[in-house]
2 protein chains.
Amino acid sequence: MTDETPLRADAKLNRERILAAAEDVFLERGAGVSLDDVARRAGVGIGTLYRRFPTREDLLAAAYSARFEACAETSRARSATLDPASALSAYLEDLVRYSNVYRGFAASLGTVLQIGTPGCLATSTEGIRLLQRAQTEGAVRPDVRFNDLVCVATAISLATEQDRSGPEQIAHLVDVFMNGIVRR
Amino acid sequence: MTDETPLRADAKLNRERILAAAEDVFLERGAGVSLDDVARRAGVGIGTLYRRFPTREDLLAAAYSARFEACAETSRARSATLDPASALSAYLEDLVRYSNVYRGFAASLGTVLQIGTPGCLATSTEGIRLLQRAQTEGAVRPDVRFNDLVCVATAISLATEQDRSGPEQIAHLVDVFMNGIVRR
DNA sequence: TTGCAAGTGGAGGATATCTCCACATATAAA
DNA sequence: TTTATATGTGGAGATATCCTCCACTTGCAA
């Protein structure tokens, strides 16, 4: 799963160049941009890009890694002072917010999270932890899986990146998903 | 919005050929298939296809129209004998089931429903009616919008088209989203 | 019959993806 | 230092899809 041999010095530099270029280009023009453009911006051949990141999702996962790491860290810090359900709710909201940083990223969220990048791993782990905690404390139904949460986040991201709806729309949808549609 | 002048006889025939071909090809290989393939299967030039259906979503909406019409009709019939919440729940379940007929359709559900095809309109109208009824009878939170339901359906479709989960999985997720993730 | 609005096909330009391989070079061992 | 070679590189080109454009055809109303 993880790459065995360490990269050669020049290769490592190119890898970083690619990631920096990807961040710029994805931010500017969305997650669907041509990978040739990324390579060009990085000053690197397209072959080099593909050797390092065989799929677009690999590149997205790597480019997002730091962000996801931050997402996990924020959640960890916050969850100490929140009840389990609120912590999970806040986590979901953040996940959606992060997914909307690159336009068009939402559709890949599920795939990307499954790639073993440190950040992806951190975010998944944190989500699983929060869910489990909420479930053992009886705050959340026991038959919900982490995968369900990812789907929810995906759907909300998709819905909110079409409409130019603000953060209150995201919060509303998260609330609906957390508390249900039926009046209580 | 709706097309003014009626189609010429030959054009109408071609339109039907395209729709029949689209149904076959989408069923076989998913909603993302090459539109050239659809045109070829229909025995029609690609230009003709684009003239009639400017975007893939237009074609999807038209191909789905009959199905959506059936979805609405079923719901209308059923809702007479069900309490508002159950009727809404059943409607949601159907919406998801229909969305999974073409692989890869789920992500377009929101866009497609907004296209004025008779079936799309019927399904939307029915959903809005059920939601309103449930809300005026106090069975469902007043701050939920139809758009939220589409979001829910999308999420569940996405979740269940990845896993090869059966209908009981769909029912389960609908239940979760009707009653909330939070334990009651 | 006939005029023409409506319709048709598909070549072709634009854009993307991804592979392949001749060539270059960092690095570890001699 | 000098190799030997595993590792890395660039980018041409094969393949695929999208979508437009326009010369040509045809249904149909008058």
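Chain naming here is simple, since letters A, B, ... match the order of the sequence lines and numbering starts at 1 in each.
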Any salt bridge linking Glu93(B) with Arg97(B)? Criterion: basic side-chain nitrogen under 4.0 Å from a carboxylate oxygen. yes
Considering only heavy side-chain atoms of Asp36(B), the closest of dC19(D), dT8(C), dT9(D) is dC19(D)
Within residues 12-23 of chain A, the residues having a heavy atom closer than 4.0 Å to DNA chain C are none
Exercise. Tell me what Arg56(B) touches on the nucleic acid: a base, only sugar-phosphate, or nothing, going by heavy atoms under 4.0 Å.
Key: sugar-phosphate
Sorted by chain and residue number, the ring-ring contact (aromatic ring centres under 6.0 Å, His included) partners of Phe105(B) (sequence neighbours excluded) come out as Tyr64(B)
- Can Arg15(B) and Asp10(B) be counted as an ion pair, charged N to O under 4.0 angstrom? no
note: Tyr50(A), atom OH; dA16(C), atom P; distance rounded to Å ~ 11 Å
Q.
So, does Ser34(B) get its side chain near the phosphate of dC18(D), meaning an N or O under 4.0 Å from OP1 or OP2?
A. yes
Between Gly32(B) and Ala11(A), whichever has its closest DNA chain D nucleotide further toward 5' is Ala11(A)
### Query
Do Tyr98(B) and Phe68(B) have their ring centres less than 6.0 Å from each other?
no
Would you say Arg40(B) places a side-chain N or O within less than 4.0 Å of OP1 or OP2 belonging to dG10(C)? no
Is it true that Asp58(A) and Arg52(A) have a side-chain N and a carboxylate O under 4.0 angstrom from each other? no
Glu57(A) atom CD is separated from dT17(C) atom P, nearest whole Å, by 11 Å
Query raised in the report: With respect to the phosphate group of dG10(D), does any side-chain polar atom (N or O) of Thr48(A) fall under 4.0 Å of OP1 or OP2?
Result: yes
**Q.** Derivation of the salt bridge (charged side-chain N to carboxylate O under 4.0 Å, His left out) call for Glu23(A) and Arg41(A)
**A.** CA-CA 11 Å; Glu23(A) 170 74 6; Arg41(A) 169 93 63 126; over 6 Å; no
Against the side chain of Arg51(B), the closest entry in dA6(C), dA16(C), dG8(D) is dA6(C)
Whole-Å distance, Asp37(A) CG to dA14(C) C1', equals 13 Å
Item to complete: Verify, without hydrogens or angle tests, whether Ser89(B) (side chain) and Ala85(B) (backbone) share a donor-acceptor contact under 3.5 angstrom.
Response: no
*Determine, stepwise, if the pair Asp148(B) / Arg145(B) fulfils salt bridge (charged side-chain N to carboxylate O under 4.0 Å, His left out).*
CA-CA 5 Å; Asp148(B) 298 343; Arg145(B) 291 157 170 247; 5.9 Å; no
Here the distance between atom P of dC21(D) and atom CD1 of Ile46(B), to the nearest Å, is 15 Å
Given side chains that start at C-beta, do those of Glu28(B) and Val33(B) come closer than 4.5 Å, heavy atoms only? no
Whether each nucleotide of nucleotides 24-30 of chain C has a protein heavy atom under 4.0 Å at its base (B), only at its sugar-phosphate (S) or at neither (-) is summarised, 5' to 3', as -BSS---
Taken to the nearest whole Å, CZ/Phe53(A) to C1'/dT19(C) is 19 Å
